[in-house]
Number of protein chains: 4
Amino acid sequence: MMISTQQLHDFNQPLMTAHEAALCYLHDTLGRQAADVIEKLVTFQVAIPSWALGTGGTRFGRFPGGGEPRSLAEKIADVGLLHQLNGSSDAISLHIPWDIPGDVAAVRQQLQAAGLRIDSVNSNTFQDQPDQPISYKFGSLAHSDAAVREQAVAHNAECIQYGAQLGATTHTVWLADGSNFPGQQHFRRAYQRTQDSLAAIVAALPSPDWTVLVEYKPYEPNFYSMVIPDWGTSLALCQALGPQAQVLVDLGHHLPNTNIEQLVGRLQHFGRLGGFHFNGSMYGDDDLTTGSIKPFQLFLIFNELVDAGQDPAVRNPAVAYMIDASHNTKDPLEDLLQSVDNILTAYAKALLVDRAALEEAQQANDAARAEDLLRDAFLTDVRPLVAEAYRQAGGALRPVMACRALQVRDQLTKQRGLRALSTGL
Amino acid sequence: MMISTQQLHDFNQPLMTAHEAALCYLHDTLGRQAADVIEKLVTFQVAIPSWALGTGGTRFGRFPGGGEPRSLAEKIADVGLLHQLNGSSDAISLHIPWDIPGDVAAVRQQLQAAGLRIDSVNSNTFQDQPDQPISYKFGSLAHSDAAVREQAVAHNAECIQYGAQLGATTHTVWLADGSNFPGQQHFRRAYQRTQDSLAAIVAALPSPDWTVLVEYKPYEPNFYSMVIPDWGTSLALCQALGPQAQVLVDLGHHLPNTNIEQLVGRLQHFGRLGGFHFNGSMYGDDDLTTGSIKPFQLFLIFNELVDAGQDPAVRNPAVAYMIDASHNTKDPLEDLLQSVDNILTAYAKALLVDRAALEEAQQANDAARAEDLLRDAFLTDVRPLVAEAYRQAGGALRPVMACRALQVRDQLTKQRGLRALSTGL
Amino acid sequence: MMISTQQLHDFNQPLMTAHEAALCYLHDTLGRQAADVIEKLVTFQVAIPSWALGTGGTRFGRFPGGGEPRSLAEKIADVGLLHQLNGSSDAISLHIPWDIPGDVAAVRQQLQAAGLRIDSVNSNTFQDQPDQPISYKFGSLAHSDAAVREQAVAHNAECIQYGAQLGATTHTVWLADGSNFPGQQHFRRAYQRTQDSLAAIVAALPSPDWTVLVEYKPYEPNFYSMVIPDWGTSLALCQALGPQAQVLVDLGHHLPNTNIEQLVGRLQHFGRLGGFHFNGSMYGDDDLTTGSIKPFQLFLIFNELVDAGQDPAVRNPAVAYMIDASHNTKDPLEDLLQSVDNILTAYAKALLVDRAALEEAQQANDAARAEDLLRDAFLTDVRPLVAEAYRQAGGALRPVMACRALQVRDQLTKQRGLRALSTGL
Amino acid sequence: MMISTQQLHDFNQPLMTAHEAALCYLHDTLGRQAADVIEKLVTFQVAIPSWALGTGGTRFGRFPGGGEPRSLAEKIADVGLLHQLNGSSDAISLHIPWDIPGDVAAVRQQLQAAGLRIDSVNSNTFQDQPDQPISYKFGSLAHSDAAVREQAVAHNAECIQYGAQLGATTHTVWLADGSNFPGQQHFRRAYQRTQDSLAAIVAALPSPDWTVLVEYKPYEPNFYSMVIPDWGTSLALCQALGPQAQVLVDLGHHLPNTNIEQLVGRLQHFGRLGGFHFNGSMYGDDDLTTGSIKPFQLFLIFNELVDAGQDPAVRNPAVAYMIDASHNTKDPLEDLLQSVDNILTAYAKALLVDRAALEEAQQANDAARAEDLLRDAFLTDVRPLVAEAYRQAGGALRPVMACRALQVRDQLTKQRGLRALSTGL
């Protein structure tokens, strides 16, 4: 299905009076900042991973809804719908082997028709595929057996080739390798093997504009040690791998109480922040809607991103933003729209921070004042700015509400069936 | 397959000289305590859950081995093998609907032949079964819809019936109900509905000697709130439910840094500790081999159990011990044998604590002395005592080694095939 | 010093135009809810503890500012200043022995003059006082020695007497008792001794309208076990102690990732929530400004409080609200004003939640809608409502700003000196 | 006081028969490994910090014992006593300004007489000293004001000078700098200022054989962010500082559930592990007796140290071992003796691991076997080996027991008084 411009216009129409009044109030109170924020929001884009369009699950079970995309074409169609609704999701991340593009030309055409591009390609060496010669049960890039490592490197190289055919320039490596028991894995050797394998993957990049993003995670699916458990390890690997490797931060991949915003600032200081996976977390890699549990933390992270982005001394390349959540409870499309909403909200608030005054307070160690400056930005009701950005980008003032009003899921279910199951976790 | 007495004898024979020397040394140094400990170890039994006999997995994947039991009969056979090897696993816990006994008489006969009994029955309202009228996607005993709650209560009553037919007297309720997002569930109403549903289950118990065990867990599969997140909630429910409800402690179901041994002591003080699920945990419900990560914690837990067991003022009923781990990495049978080994080791050490001296040190607030008393017990090498207990119970001096030497897995794989898949997570 | 009505008027005057415009906008968009919220905020009061008026510290050091209150009279004066500025802090909590009222009549007069009342009295058995016969090094109410327990009970009884003389009806017990090492303390006996000691304290209450609040804390100052580590233990004690004992929740006294709002709802369901200590926490008992780290959590807690407050089925008595933070970094008065600001902000947002719609969404398990309903309330900019409540209560539109503009600290420092040191931690 | 050789001999004498029988049994069962382990234990030395000889405290209070050392001379005397008792504590770490050596020649003589050396010097910029021009309230090496940074750098340079006079070659920097509130500190600038300050300190080192150890800590005394929160930050700083800077690992300075042994292995792989602070932790920087809470973790850490120490590919310089605990509950001398005992026990067990077999199991991904190999070493009762090492080093077979039997504390208290208070926290 496609959503017509007319449908969006009809949806927005009855909301416009209230919207314009709210917007007007913000223009009055924020001055020209309001327009600046809207402008920045309009251009901000968050990629959608192909595997987040179906119902997620836990090891205890999965409760699918209906109308899930059954093919890469249907996944692209779903992201297209999202992008029509919010104008902020112009890219899709592919997972190999779930999304191997059979007919590359056709895929490119679908993407173009939907106004989308490929964000990054993502390898999978945490599962065994039916036709796979050697098992990843005990690891892949860090495996003690060179044959397994070679197979895993080859798979990553293949991912990069698919990506290149579709115009991507980013390859993301999330490595599940690790151990469940003390003694199972030799820490130093596993690290060295990982570095060597990653070097082989970097060597397989087709051109200098490509980047490999190295993700870290403290636990799960391994519960004693992970080979890349923290940002320090990712950074050390990237330093060894050279300028084409960068660190990827997934919000759910930290030990309890980690100050994530600080390490985001740190990575930018080092020029090594490559990308972001947005999700929400209360306990671990819970993969909830980003911003649903700790909206202030999300704001503080964007505060760092905005601050570094405005500092000419920071030489960090462009950061790749992607949602990486598991939609066990809500309709995946609604969940993704809410995620983008929370991201834009946090970003808008971060843009409102009075940075000159903040720096002055920081220089004077005036903690109360510094806190109040952040607080003032955070307490500002930016919903009208976000809505206006959606509108200006051609979307709906309230995307989730529009998604329901336009009965998107019902139509998809009619089209694809109640038992359509998407590939994914 | 069955292991013959002769096979076990042949396995033990070459180890006997060293074993007897080691045992002799312990008799010399520990005096009559050694024999006491062995006697207690011989009678100690830990139940094996039917779902732990196959390879476990995470939401990211599962890497099955071969020869997994495909039926209840084969699961009973596997527990029988374990019990032959270590003489400490004389009971099996059943999971409904994975283990519905078709022919009750036949199952009883198999159990009897293997020297086993049924430990407890366990309900499953965290997954939907193919033929199920209403979904548990949003809960079961706590669901907002009375029809779902009734279905879930009926399922629990059915489990109890199956258990009664097989001679069980314990029913375990682990409730996955909860919410993934703030606002999703009304905390107070969800609690009250849970209490009402549990009361209906207690009312369905066939006789006063039955117990319902109420398990708690802070998160997973729900990641914002669980209806029964902690021991305080389990206890409050059991108080409302009366004397036939007791708290079940699963070692992996606690927030980071919880002092588990203290709450075990507390529950015994209240006479409300009903059962234990043993596993190992580094981060959350990791379901590793119990004792593999925190052996000292396991010892301290047994220290509480032994202490309360020897205190006539404690009126806690008999505690049901079960292993509840997920064997993602190791051969499930080897993993279970290691688990029992770690449990018996912790128990043996706890039995060695000089309780009179400890109480004296506690009364005098002599922390250094109290610590040294525990330390002396913990540092004692009790492997010969555990081995001797295995031997006296008719098992192998070193069960894991025997399991390998007798090529148990190879034979099971030959018999059942490489792709035999067990039901479970 | 006192702040005159004229001073506050003069401070507010230049801010009034913008304030009225903002307020007008909220009246327009929120309808009559705006006035309702303001009315509720005006009457909401949070007590200030006497020990929070000086600079706090950590075990590593303390960096005092100037002008700290040196006596109970000066502490009352400081709370009086806060109450003049925000109209929301009409009570002071006393700590014994730091605040023993020498001349009771004089203290009562000071309180009356400042428009204040006594909130609760708080005992201290976690430190030794110079003239104390027996040490609390190894505990107080849980001590193995009956003489120490008696001394501690007598101290609590003395606190209650002081409180009664000043018109308080609440006594708070925070018990530091516990152990630093495995084996040091016998868990079951320590619990029983604590229960017996608390029963003696309850027996010392002068009248049935008195309440003893039983606080819990998982660790610090003891680092292996605390006798009352969690809400489950506090609740069990209160159940044994009868209706005059209630549970006190301190926001910093939980293990990592605890869902505090859920247990708040649970305690209200049991009718056992007696009081609150507000502070902010990132790692442990950090005692930061409440709402400075997790404002959404504070909102969700107030969401529970408001929901239960509107539910006739809930029979929880009135909850005592107090700030309990340590002001290591900011001026204590500014920090306290910020704390109250964050509390009122969270409360105002919780009052805005559309409860009928929320309950409908909960009943329908519409997680996305439920979340959006909370989100809409949380994202509303309620600063004008809070400011208006301050104004209507006779305070400043922006209390922190007024505190600076009126040079409160400078004047206090002139009056009391740069090296005035307050009692406290 | 001094302990005579005769006294130690007299203490050991009645224990010798049992000791020799136990030792004989281990020689029989372990073969030549037993002698190897003893030899390594005899030469292993752990430094004692001067500030750990008095009673510690928390922010809630401190309960001093008697006979604490009142001067550097008495601190050296105390470490001398420890070294006489266990032969394993031949070095003392100095804290400046608590331990400024007035008469350098005298201090050198005292050290020589006691058979001790200086381990490292430690700076203090987390507290203000009476005569200090500018406050460290808002930081030191990371402070926004250059004057404060210069003062802090000068203090560190002064520490190094004191150390050089006494023959030390290690300087340890634990930086308390950080922030309590979001916005208070600019993350990137604070980091850069820290790096620049540390570079100035490294530049002040008197010779190339000196090392600066850069410690990290996630929280306390700052509770929102610390400038050096984790090993990744310490490593990044050391990389920038050059070969004379190394990372120091304090066991209590990690977020919940951190796999410390893995990062220890990692730092050795990078050749960047400079030193260790031993203590025990259940929740945070609890500063308990090392090994009292997680003895298996301590063993796993030593397993990494031993493994790297035997691997010629690892080019990590010698690691500096020090105890850094706070003795709030036990007699400091007994606590330190227990700490060393736990360290030697963990080290001895790590030396017993069959590394060839372990590497084989790791290469084969035989997790069960690898775990059993570690388990066999961990379960071995090595107390006789540790006792023998003490004896061969001229100490007592059981140092804690000897400390009590020889009434060390009583004599110190007689000599120094009941109210002797040591400098420290």
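Just so it is clear: chains get the letters A, B, ... in the order the sequence lines come, proteins before strands, and each one is counted from 1.
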Name the region of [X], side chain, backbone, both or neither, that has any atom closer than 4.5 Å to a heavy atom of chain B.
X	answer
C/Gln185	backbone
C/His254	neither
C/Pro256	both
C/Ala308	both
C/Thr258	both

Contact listing (chain B partner; residues 223-230 of chain C; heavy atom under 4.5 Å):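 Answer by number: C/Tyr224, C/Ser225, C/Met226, C/Val227, C/Pro229, C/Asp230.
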
Residues from residues 363-373 of chain C approaching chain B under 4.5 Å (heavy atoms): C/Gln363, C/Asn365, C/Ala367, C/Ala370, C/Glu371

Short side-chain to backbone donor-acceptor contact, B/Asp286 and B/Met282, under 3.5 Å: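 The answer is yes, because a donor-acceptor pair under 3.5 Å joins these two groups.
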
When B/Gly183, B/Gly232, B/Ala190, B/Ala361 are compared by non-hydrogen pairs under 4.5 Å with chain C, the top option: B/Gly183

Heavy-atom pair count under 4.5 Å with chain C, highest-scoring of B/Phe296, B/Phe181, B/Trp231, B/Phe270: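 That would be B/Trp231.
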
Chain C contact via B/Asn180 - side chain, backbone, both or neither, heavy atoms under 4.5 Å: neither

Residue-level interface, residues 309-319 of chain B with chain C, non-hydrogen cut-off under 4.5 Å: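 Counting heavy atoms that sit under 4.5 Å from chain C, the residues of residues 309-319 of chain B involved are B/Asp311, B/Val314.
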
Salt bridge (Lys or Arg N to Asp or Glu O under 4.0 Å) pairs, two or more places apart, involving residues 249-268 of chain C: none

Side-chain donor-acceptor contact under 3.5 Å, B/Glu359 with C/His186: no

Ion pair C/Asp196/C/Arg149, N-O distance below 4.0 Å: no

Residues B/Lys137 and B/Asp128 bridged, charged N to O under 4.0 Å: no

